[in-house]
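What follows is one structure encoded as structure tokens, with my remarks underneath.
Indexing begins at 1, ligand by ligand and atom by atom, following the structure's order.
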Amino acid sequence: MCGIVGYVGEENPKDFLLESLKKLEYRGYDSSGIALQNNDNIQIIKCSGKIQDLEDKIGKSNLIHSHLGIAHTRWATHGEANERNAHPHRVGKVTIVHNGIIENANELKNRLVNEGIVFCSETDTEIACAVFNYYYRGNPIEAIENAIQELKGSYAFGILFEDQDALYAVRKDSPLIVGLGENENYIASDILAIADSTKKYMLLEDDEIAEITKDRVTVYYNREVINKEVLDVPENVESANKGTYRHFMLKEIMEEPFVLRRMINHYLYHSEELFDITPYEEIHIVACGSALYAGMIGKSLFEEKAHIRCVADVASEYRYKTTLYDRKTLVILVSQSGETADTIAAMRKAIENNVDTLAIVNVKTSTIAREAKYHLFIEAGPEIAVATTKAYLLQTAMFSLLALNAAHKKGLEENYDLIMKNLQNLPSLLKKVLDDKDYIQKMAIDIKDARDAFFIGRGVDYSMCLEGSLKLKEVSYTHCDAYQAGELKHGTISLIEDGVPVFVIITDDKIKDKTESNAIEVEARKAKVFTITNDESIKTHYDKYVVPKIDDYFQPILVVPVFQLLGYYVALARGLDIDQPRNLAKSVTVE
Ligand code: AGP
């Protein structure tokens, strides 16, 4: 996901822009740049690579005197990750930075080329900039209003006009906020970028245009000035730093017992805030990646424990498929960032069909948090590492609480009181697992040279396999696949060869013998079988790690962190960029 920051005030913007961009590094990017303005003089410096590369290039430049500027980190969509395609882009009197995708860019480009405009990049952003410039006749608001009528797709723009001593901003579907300071104001695509500089901000809604000077913010909608509510920066937007950890990923794994206890205690003492799913005849859980895998655990629990029909579906498919809403349906959107494009689209499809929507999100100011009819915040705090860990864990825990609450309301859970008592102990049990990190690191070093790895399990164990596989894949670049243990015989087993690691998850007593048979099958073909289980009696094949046994609702909470640590330590052993794995972004805000 790209990052936008802007500054207008009494200082030179360079330091603020660079420091703010660094707080957005976690979202993933491949180039960056800044533009400084002094009346009709605009200086643009940009480069591919890391922000440090940009900082070095700026250090070698003669900067203009300026009090106004914009900056950007780009995650390549249209056009390669290089300096030419990096933002900011300038056409004529207009300079912009952009998050999102302009879907009719080619159509607009053809028209503008016919009018003699020459483009030097491959980006949709430069085309959008040309449209703003095309309509600019001295009135920036009019130019922006006219231009956005032409632009189709998603956008958040930071805009400079050569002869205007103000910063302009407009958005549609991509988040953008205006931060309010003392004799200075800011824009940012993520509140984290400016949380250390301001405690007050405005949230721009779609097609609202902000004109920002150092001491005034005017917001227009349909060419009329509107009043905007000034919001307080949420207190839990802690300034994101690594503390004593080498990587955000390990820091966020180690925070899990704390944030889990915080969430459990909150809902133990405010159980009325726990959403009641029992009135619904059908539940659709819709998300992407790890959020979907948390939802799959939710699906199993909703059906098995609360006897509510449920499907878990990937958002990029759900948004386009024909969906029957012929029963009283609840659509649950799961998203750490709350800005994943496909999940937003799935949510809007449900809203258009007048179906109730519940958001399980981490970022309170996000689009999904604001647009869903109901929301449950997981309060994981800022999650900076691209590979989600604590947020995934709390998403899973939230589903467990919802399922337990529903089973209890329907009189289906006879052990409710005991489970609630044990729940208090869950964070301490999780801490015990994390304290075994040296053992798990040993496991990681054992497989650090493996080219492939497989994860097998049945039922909820299979849903955990999917997340374990994704973690190892995305941070260590190991080719991993997760399979339902019963599926191996239908083809996959041909991939099992001497020494290949196979992680077998066995936590479900009802089917442990079946999965144990599958472990024997792959061992017979010389696989290295690592068993992750809650049952000491399960045979040790090549290696085994036993997690504390707890009720079905919360067992995944003690299993998946094993794989989070495994992925971390394999990536560490390989010397990889753990917090920002190649090609990945923290929030995928494009289709
Ligand atoms: C998880 O490690 C990945 N980074 C990715 O699968 C992520 O879970 C997915 O993109 C969904 O993101 P969201 O929770 O912010 O919607």
Side-chain angles (χ1 to χ4, degrees), residues 1 24 26-29 75 173-175 189-190 192 247-250 252-253 256 285-298 312-319 332-348 357-372 375-378 380-396 398-399 463-464 466-478 480 482 560-561 563-568 571 576-591:
M1 181 173 180
L24 300 181
Y26 76 95
R27 300 151 66 109
Y29 69 103
W75 184 67
D173 294 344
S174 281
S189 51
D190 182 326
L192 263 180
H247 299 101
F248 279 110
M249 185 177 176
L250 186 59
E252 288 151 10
I253 292 170
E256 288 176 346
I285 300 172
V286 186
C288 301
S290 296
L292 173 64
Y293 302 149
M296 287 174 67
I297 292 174
D313 210 341
V314 62
S316 54
E317 295 293 315
Y318 187 90
R319 64 181 289 186
I332 300 179
L333 295 311
V334 193
S335 178
Q336 188 284 129
S337 64
E339 297 298 349
T340 299
D342 288 318
T343 311
I344 290 174
M347 171 184 67
R348 289 176 176 168
T357 48
L358 167 66
I360 295 179
V361 292
N362 192 30
V363 179
K364 293 184 173 183
T365 55
S366 64
T367 301
I368 292 175
R370 290 186 292 112
E371 292 188 14
H375 55 248
L376 285 169
F377 296 126
I378 61 171
E383 186 176 72
I384 306 305
V386 167
T388 184
T389 50
K390 62 177 181 174
Y392 163 88
L393 200 82
L394 293 192
Q395 289 164 354
T396 303
M398 183 64 82
F399 280 113
S463 300
M464 295 184 231
L466 286 165
E467 178 55 15
S469 167
L470 177 60
K471 275 297 134 318
L472 184 56
K473 213 178 314 197
E474 64 178 333
V475 292
S476 75
Y477 312 153
T478 306
C480 302
V560 176
F563 296 114
Q564 294 172 350
L565 287 172
L566 182 78
Y568 175 79
L576 298 174
D577 186 352
I578 293 172
D579 286 335
Q580 296 165 32
R582 67 185 179 203
N583 306 337
L584 288 182
K586 183 59 181 174
S587 173
V588 183
T589 57
V590 293
E591 280 201 53

- Query: Picking from Leu292, Thr388, Val334, Leu376, what satisfies side chain to side chain contact (heavy atoms under 4.5 Å, CB included) with Gln395?
  - Reply: Val334

- Would you say the side chain of Val560 lies within less than 4.5 Å of the side chain of Tyr293, judging by non-hydrogen atoms? no

- Note: Ser335 and Thr340 closest approach over all heavy atoms is OG-OG1, 3.8 Å

- Geometric N/O contact Ser335 with ligand 1, under 3.5 angstrom: yes

- Item | Minimum-distance protein heavy atom relative to atom 9 (C) of ligand 1 | Cys288 O, 3.7 Å

- Going by the order shown, which atoms of ligand 1 are within less than 4.0 Å of some heavy atom of Gly289? 6 (O)

- Query: With a cut-off of 4.0 Å, which atoms of ligand 1 are near a heavy atom of Lys471?
  - Reply: 1 (C), 2 (O)

- Message: Which residue and atom name correspond to the protein heavy atom nearest atom 1 (C) of ligand 1, and how close is it?
- Response: Ser290 OG, 3.1 Å

- Message: For a quick check under 3.5 Å, do Glu339 and Ser366 share a side-chain donor-acceptor pair by atom type?
- Response: no

- Note on the structure: Thr340 heavy atoms within 4.0 Å reach ligand 1 at atoms 12 (O), 13 (P), 15 (O), 16 (O)

- Any idea which atoms of ligand 1 are less than 4.0 Å away from a heavy-atom of Val386? 2 (O), 4 (N)

- List the closest protein heavy-atom neighbour of atom 15 (O) of ligand 1: residue, atom name, distance to the nearest 0.1 Å. Ser337 OG, 2.7 Å

- Starting from atom 14 (O) of ligand 1, which protein heavy atom do you reach first, and at what distance in Å? Gln336 N, 2.7 Å

- Query: What are the atoms of ligand 1, with element, lying closer than 4.0 Å to any heavy atom of Glu474?
  - Reply: 1 (C), 2 (O), 3 (C), 4 (N)

- Query: Leu470 near ligand 1, heavy-atom distance under 4.0 Å?
  - Reply: yes

- Could you tell me whether Glu371 and Arg348 have a side-chain N and a carboxylate O separated by less than 4.0 Å? yes

